[in-house]
Number of protein chains: 2
Amino acid sequence: MGKLERHATIADVAALAGVSVGTASKALNGRGSLREETRMRVREAARQLSFEVNAGARNLHSGRTYTVGMITTDTIGRFSIPVLMGAEDALGAGQMSVFLCDGRDDPIREQYHVKTLLSRRVDGIIVTGRRTQARAPISVGLPVVYAFISSTDPDDCSVVPDETGGARKAVEHLMAIGRTRIAHVTGPEHHHSARVRAQAVADRLAEAGLSVAGPPLFGAWSEIWGRQAVGMLLAGGTSFDAVFCGSDQIARGVADALRAVGRRVPEDVALVGFDNWDVMTRGCQPPLTSVDMNLEGLGRTAAEMLLAAINGTPSPGRHARPCHLVVRESSTVPLGPEARV
Amino acid sequence: MGKLERHATIADVAALAGVSVGTASKALNGRGSLREETRMRVREAARQLSFEVNAGARNLHSGRTYTVGMITTDTIGRFSIPVLMGAEDALGAGQMSVFLCDGRDDPIREQYHVKTLLSRRVDGIIVTGRRTQARAPISVGLPVVYAFISSTDPDDCSVVPDETGGARKAVEHLMAIGRTRIAHVTGPEHHHSARVRAQAVADRLAEAGLSVAGPPLFGAWSEIWGRQAVGMLLAGGTSFDAVFCGSDQIARGVADALRAVGRRVPEDVALVGFDNWDVMTRGCQPPLTSVDMNLEGLGRTAAEMLLAAINGTPSPGRHARPCHLVVRESSTVPLGPEARV
DNA sequence: GTGAAAGCGCTAACAC
DNA sequence: GTGTTAGCGCTTTCAC
């Protein structure tokens, strides 16, 4: 570890190759017109010295650093990771490097990170977070794209999942397999996603002349809440042949509780979750149908829009990307008449 | 978004404040001896122009960039996140920024990232991954620290969890609550962690004059395997009053399967998992006792060692950090005589 | 085709 | 105290 031999400079390369630095620079960057032999000689010298161009010094001229900052509003978590990865992937392909900054839900900390990024002369910034709720914009004189999370300023570029569309697809799927008494169990009412999805469920059912079986049940984003909710549904005497849940964790709790009281999934009750989190959908008995928000795609799109903005073609506004439904066994059996309770 | 007004330079600040660039630089960096009034005037000018020093230009002198690269061997996942976060936290406090690079298990891609980091003149590199198995070192003339994962070169600095110690603690805990017939269900045998933990279990039991109830069961890191394994234990007629699992997911599968056949946890069978992954430990019925590897602490320690190495005080070698046991209800009831089957 | 020189934004000697 | 100057490593005119 750490034999700290000085990095070779282009002057070193030039000296070894017996040319001037200007020539060496041209040779290595494929600019100007040089004799092929000279070009090779310089390349060989660079190889010998394992020369890697000093990006910082180069950037001094171009004004650009081919670097972007990625800031998470809150802590890095299950939702931000895929977004980060998608973005990292798209940016890496465009030769950009990514500075990772964890905001930790602390505005001071975030502000500090923004300053640092500015000081490092990033070409743009991607802001993400673990909830879809809109947040106050960060104001810097640079291209900024919000991914998953969105900015309260409608002119800012935000790439978000179409949660309403996703919830509608879930309901439509359940109706398509013959379910008409669909309950909805979701997260806390103060949570943006919970409200949006619940509203979408109510709307879509209303369009079909139906209504939610029992009122939507707001609680927590946890398995425990899913289990409790089943108790409430049963105690309330609600008749239901399907449950659409606001998250996979909730759905999993619902599945466990239903099994515990002898209701079969999917025969008696079809079940659909939200997030398509493999750990949950596969661990669930039976495997869980779920809505996928395509977070990695969101990150990739955000990165592409940021690159475009950096190159002078911004895409202002809120861009909602479709969710898709992944059907598994928890909702595969059409409701036969014998299963009606 | 993106009013791309040029970044203010120190020359702009100097001009506005009516001083030379040298003076402005001193004023902003608190060096040299200046009249307090001058200092203020420069600061004010910088504020007005929202000047942020160009870190790249500054680094040209210092040789250091106050930047480190973080490379994940495989894809960014559940294990690398906490490590990343711990490191990001420790580094951020030291004014360092972090370049995130996702290796995706692709050596070509990794090599590309290493080159990029070299070109950006990072001061050091942290390598991590989702498995503890040793990997081939990346050879660069820079301080490198391996976190969670380790390097096959024993002289490289690696910060890893003491999995053996963790497994021993789990076994000791089970013995302390009176269990003597302890089964072990874990991941694939070709997986380093599975082997190490299984060996530790066997060794610790042997020290107490006991042996594993039934042979250690190697399978997959999944809930499904946990459920299957219970079937195998029962079918094999193995008598057991505790199961120590190689992961929380496996433990959870075991819990579900035991409940399904009427064995009570923890009364009949005490259960301990590994990873202390909150989603699993809390979702489990009952909440799961588990071994915590303190991944965030690992990341933090790795970052601190990297900083020390950058400052000339390397810590070569493999550093194993203790795991600790988090006791929850799945193992709280001492075995009473009446529960013995 | 190749070299010399200016300059990107900043810091650190050294004058004054 | 403050200004001047010489680089840091690189690219890019512009001579030759």
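Naming: A, B, ... by sequence-line order, numbering from 1 per chain.
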Within residues 21-32 of chain B, find the residues that approach DNA chain C with a heavy atom at under 4.0 Å, and present them sorted by residue number. B/G22, B/S25, B/K26, B/N29, B/R31
Could you identify which residues of residues 38-69 of chain A place a heavy atom less than 4.0 Å from some atom of DNA chain C, listed by residue number, or say none? A/T38, A/L60, A/H61
Going by the rule side chain to side chain contact (heavy atoms under 4.5 Å, CB included), which residues pair with A/S97 if we only count those two or more places apart in sequence or in a different chain?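 Residues passing side chain to side chain contact (heavy atoms under 4.5 Å, CB included) with A/S97: B/F99, B/T116, B/R120.
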Applying side chain to side chain contact (heavy atoms under 4.5 Å, CB included), can you list everything that pairs with B/A302, at least two apart in sequence or on another chain? B/V145, B/A147, B/V159
Would you say the side chains of B/N29 and B/R58 form a donor-acceptor pair under 3.5 Å?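 Distance-only check passes for B/N29 and B/R58.
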Under 3.5 Å, is there a donor-acceptor pair linking the side chains of B/T65 and B/R121?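 Their side chains do not contain a donor-acceptor pair, so the 3.5 Å distance test is not met.
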Looking only at non-hydrogen atoms, find the nearest pair between [X] and [Y] and report the distance.
X      : Y      : answer
B/D155 : B/P316 : O-CB, 3.3 Å
A/G56  : A/N54  : N-OD1, 3.0 Å
B/C101 : B/H113 : CB-CG, 3.5 Å

Heavy-atom side-chain proximity of A/E110 to A/I138 below 4.5 angstrom: yes
How many whole angstroms separate atom CD of A/E36 from atom P of C/dT2?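 Answer to the nearest Å: 11 Å.
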Starting from C1' on D/dT2, measure out to CZ on B/R35 and report it in whole angstrom.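 Taking CZ of B/R35 and C1' of D/dT2, I get 9 Å after rounding.
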What are the residues of residues 8-19 of chain A, sorted by number, that bring a heavy atom to within less than 4.0 Å of DNA chain D? A/T9, A/I10
What I want to find out is whether [X] reaches [Y] closely enough, with some N-O distance under 4.0 Å, to be called a salt bridge.
X      : Y      : value
A/R109 : B/D89  : yes
B/R130 : B/D105 : yes
B/D102 : B/R104 : yes
A/R41  : A/E44  : no

Taking side-chain contact (heavy atoms from CB on, under 4.5 Å) as the criterion, tell me which of B/V140, B/L117, B/I310 meets it with B/V122. B/L117
B/S33 vs D/dG1: side-chain N/O to OP1/OP2 distance below 4.0 Å: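 It does, given that an N or O in the side chain of B/S33 lies less than 4.0 Å from OP1 or OP2 of D/dG1.
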Between the axis at one end of the helix from C/dG1-D/dC16 to C/dC16-D/dG1 and the axis at the other (five pairs apiece), what's the angle to 10 degrees?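 Both end axes considered, the difference amounts to 50°.
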